[in-house]
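Working notes, beginning with the structure itself.
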Amino acid sequence: MAIRAADRCHTRLLTFRLPVDYVLMLLIALRFIPSLQLEARRIHEAQLCRGYNPGTGISGKIRSMRPIMIPLVANTLAKTQVLGLTLDMQGYRARKTLPLHKLIFGFGDVISAMPVLVILAALAYIHFFIV
């Protein structure tokens, strides 16, 4: 069984008694760094294919950042929105615990179960004695 580097990092950070929320936040940030670099490279190559030439020197480097940063930020915000929804659905942000109480079969349950039992009895009678 292979252990990923993220799992090792997770267990080591938890040994320092860091809160789980901070450990999760740090691991997600570290996970996004390679994908941001890859996406920035793709956007830069796409801009070069479109014939964008910002110039040379420091001013050219600064001007070349704008056409890369705008799509990169937009794509990153979309990814983080999906990640946030995923975390919500898995219950990572749920701070409230549901109160547990003992379920009691009451009078209302008996009343609502009666029609179901009558229908099941009628279907069993039809199936075994009539057909």
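Note that the coordinates shown come from a computational prediction; the quantities given were computed from them, not determined experimentally.
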* If every non-hydrogen atom of Leu36 is compared with every non-hydrogen atom of Thr76, which pair is closest and at what distance? ->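 Shortest heavy-atom contact: CD2-OG1, 3.1 Å.
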* For Ile43 and Pro67, which heavy atoms make the closest approach, and how far apart are they? ->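 Shortest heavy-atom contact: CG2-O, 3.8 Å.
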With rounding to the nearest 0.5 Å, note down the distance linking [atom1] in [X] to [atom2] in [Y].
X: Thr80; Y: Leu77; atom1: OG1; atom2: CG; result: 5.0 Å
X: His44; Y: Cys49; atom1: NE2; atom2: SG; result: 10.0 Å
X: Leu38; Y: Ile33; atom1: CG; atom2: CD1; result: 14.0 Å
X: Gln47; Y: Arg50; atom1: CD; atom2: CZ; result: 5.0 Å

* **Chi angles and distances behind the side chain to side chain contact (heavy atoms under 4.5 Å, CB included) call for Ile70, Arg66** => CA-CA 6 Å; Ile70 292 173; Arg66 184 171 180 234; 3.9 Å; yes
* CZ of Phe105: more than 12 outside heavy atoms within 6.0 angstrom? ->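 More than 12 within 6.0 Å, yes.
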* If you count the non-hydrogen atoms of other residues, nucleotides and ligands that lie under 6.0 Å from CD1 in Ile58, is the total more than 12? ->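 Count not over threshold, so no.
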* Would you call Lys79-Glu39 a salt bridge at under 4.0 Å N-O? ->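 Counted as a salt bridge, because a side-chain N and a carboxylate O are separated by less than 4.0 Å.
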* Contact check, side chains of Ile28 and Leu87, non-hydrogen atoms, under 4.5 Å ->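 Yes; the side chains approach each other to less than 4.5 Å.
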* Check whether Phe128 and Tyr125 end up in the same hydrophobic cluster, where Ile, Leu, Val, Met, Phe, Trp and Tyr are linked by side-chain heavy atoms less than 4.5 Å apart. =>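 In one cluster with Phe128: Tyr125, yes.
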* **hydrophobic_cluster_shared for Val116 and Met114, side chain cutoff 4.5 Å** =>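 The answer is no; the residues belong to distinct hydrophobic clusters.
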* Got a donor-acceptor contact below 3.5 angstrom from the Asn75 side chain to the Leu72 backbone? ->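 Checking the backbone N and O of Leu72 against the side chain of Asn75, no donor-acceptor pair under 3.5 Å is found.
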